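Note on naming: letters A, B, ... go to the chains in the order of the sequence lines (proteins, then strands), and numbering restarts at 1 for each one. None of these values were measured; they are calculated from a predicted model.
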2 protein chains.
Amino acid sequence: MARKTKSVDIAFRKHDHGRCQRQLLSEARQLCEARKLRLTSRRRQVLEILLASHQPMGAYDILAELNRANPAARIAPPIVYRALDFLMSEGLIHRIESRNAFISCVHPGHQCTAQFLICRDCEQVAELEGRDPALLVEADNLGFAVDHSVVEITGICAQCQKHAG
Amino acid sequence: MARKTKSVDIAFRKHDHGRCQRQLLSEARQLCEARKLRLTSRRRQVLEILLASHQPMGAYDILAELNRANPAARIAPPIVYRALDFLMSEGLIHRIESRNAFISCVHPGHQCTAQFLICRDCEQVAELEGRDPALLVEADNLGFAVDHSVVEITGICAQCQKHAG
DNA sequence: GGCCATTGTGTTATATTATAACGTAACTGA
DNA sequence: TCAGTTACGTTATAATATAACACAATGGCC
């Protein structure tokens, strides 16, 4: 029943985080299975780190987490970037261009246009369900074949405005 | 009379480039004068480089141009970044987040939401006149105070589709 | 199972993009 | 002309990302 209402996403809202994480990980597994793709343990680790954080993380933050988890290993950047590339190509995570950061996707697999509200105070990010903006229609009218869109709105969320207030 | 029609911008269209450049530089001058800001020679140089290119350029590309123009000097990155910061803060140029690049603004001073169509074949960028997308209204409904928005659509422009086709 | 082709991982080195920190120069207004 | 401010120049370094190559694991096929 929440389906059709305005879909602000779970950032900016309280939710059962552990449950949300497990849910999304399980969706990721299913999706990879359906597509005959390998959600290897490295890829899963990276996804889990992003799911746990539920906020944007830089590649090197993720790297640090990985190295904390595997103190023996000394993992290097390309490993992280490769896992991120895989996860992005399957729509399991998004890149936040205006922050050089990555965040887990809240609607894995939906090929919708992801749109983000980014609070520059608390650093939280809300992913909005992307109905195509008018812009995409216009692009189409111009004969421009869209293949990826980046929509990132920066500002201060309601919560932080109150606190500052 | 072109005012009210669809405003695809000058990239993706033929136009008198020299005239366009001079026009925009002159607007920049007026704008700075009106705001009591200093369009110093460094800042003007950087703006001119971007106007001349009319395509997105990386900071280090601009740096290379500057150094080509002043072979004596050996200009360093902070100089470029500072000029770019100034020009961005006055709305004379935009940053293309998804390319780590900068491009001159086609509507200097208009505080409209800039939106870009980026062709990944010819690398040209069209700036669309930004009427507020529905998303901004939605942000507002959520009590989110927007202060900057990034809208970048990547794909293949009509021209390049023909050539490939 | 043994083999090959493909995909993924690990490692080193390096490229690219951006900023911190500090001193000097130029302009602005009294 | 002086003080305050803004801009510029310089050095060093931080933060982000990729190239190139070797090795390992997996999957399909016989």
For atom [atom1] of [X] and atom [atom2] of [N], their distance in whole Å:
{"X": "A:M57", "N": "D:dA15", "atom1": "CE", "atom2": "C1'", "answer": "15 Å"}
{"X": "B:I79", "N": "C:dA18", "atom1": "CD1", "atom2": "P", "answer": "17 Å"}
{"X": "B:I75", "N": "D:dA7", "atom1": "CD1", "atom2": "P", "answer": "18 Å"}
{"X": "B:R35", "N": "D:dT6", "atom1": "CZ", "atom2": "P", "answer": "17 Å"}
{"X": "B:K36", "N": "C:dG29", "atom1": "NZ", "atom2": "C1'", "answer": "13 Å"}
{"X": "B:L84", "N": "C:dA18", "atom1": "CG", "atom2": "P", "answer": "9 Å"}
{"X": "B:L63", "N": "C:dT16", "atom1": "CG", "atom2": "C1'", "answer": "12 Å"}
{"X": "B:R99", "N": "C:dA18", "atom1": "CZ", "atom2": "P", "answer": "14 Å"}

Is it the case that the side chain of [X] and the backbone of [Y] share a donor-acceptor pair, with hydrogens and angles ignored and the cut-off at 3.5 Å?
{"X": "A:E90", "Y": "A:C32", "answer": "no"}
{"X": "A:H15", "Y": "A:C20", "answer": "no"}
{"X": "A:D121", "Y": "A:I156", "answer": "no"}
{"X": "B:D85", "Y": "B:R82", "answer": "no"}

Handout entry: side chain to side chain contact (heavy atoms under 4.5 Å, CB included) partner of A:Q45, chosen from A:L66, A:V80, A:I79
Key =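 With A:Q45 as partner, side chain to side chain contact (heavy atoms under 4.5 Å, CB included) holds for just one option, A:L66.
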Protein heavy-atom contacts under 4.0 Å, written 5' to 3' over nucleotides 23-28 of chain D as B (base), S (sugar-phosphate only) or - (none), form the string ---S--
Check your understanding: Where each residue is assigned the nucleotide of DNA chain D containing its nearest heavy atom, which of B:P78 and B:N100 is assigned the position nearer the 5′ end?
Key ->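 Closer to the 5' end of DNA chain D: B:P78.
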With nearest nucleotides of DNA chain D determined for A:A59 and B:A83 from heavy-atom distances, which residue corresponds to the more 5′ nucleotide?
->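 Looking at DNA chain D, the more 5' nearest nucleotide goes with B:A83.
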TODO: Taking only the side-chain nitrogens and oxygens of B:R74, find out if one of them lies under 4.0 Å from OP1 or OP2 of D:dG9.
DONE: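 For B:R74, the contact criterion (side-chain N or O under 4.0 Å from OP1 or OP2 of D:dG9) is not met.
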Let's see if you can work this out: which of [options] has an atom nearest to the side-chain heavy atoms of [X]?
{"X": "B:T40", "options": "C:dA18, D:dA7, C:dG10", "answer": "D:dA7"}
{"X": "A:P77", "options": "D:dG9, C:dA18, D:dT18", "answer": "D:dT18"}
{"X": "B:R82", "options": "C:dT9, D:dG9, D:dA7", "answer": "D:dG9"}

* To do: Check whether the side chains of A:E152 and A:S98 place a donor and an acceptor atom closer than 3.5 Å, and report yes or no.
  =>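 Distance-only check passes for A:E152 and A:S98.
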task: Quick one: closest heavy-atom pair of A:I153 and B:L136, and the distance?
output: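 The answer is CD1-CD2, 3.5 Å.
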**Message:** So is the aromatic ring of A:Y81 stacked onto the base of D:dT18, judging by whether the centres are under 5.5 Å apart and the planes are under 30° apart?
**Reply:**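 Here A:Y81 fails the 5.5 Å or the 30° condition.
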Aromatic stack B:Y60/C:dT16: centroid gap under 5.5 Å, interplanar angle under 30°:
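By the stated criterion, B:Y60 and C:dT16 do not stack.
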Angle between ring planes, B:H54 versus B:H17, binned at 30° and 60°: parallel, tilted or perpendicular?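 The rings of B:H54 and B:H17 sit tilted, inter-plane angle from 30° to 60°.
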Both A:L37 and B:F102 contact DNA chain C. Taking the nearest nucleotide for each, which residue is further toward the 5' end?
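The residue mapped nearer the 5' terminus is A:L37.
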- Task: Would you mind classifying the nucleic acid contact of A:R95 as base, sugar-phosphate or nothing, using non-hydrogen atoms under 4.0 angstrom?
- Result: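 Sugar-phosphate only.
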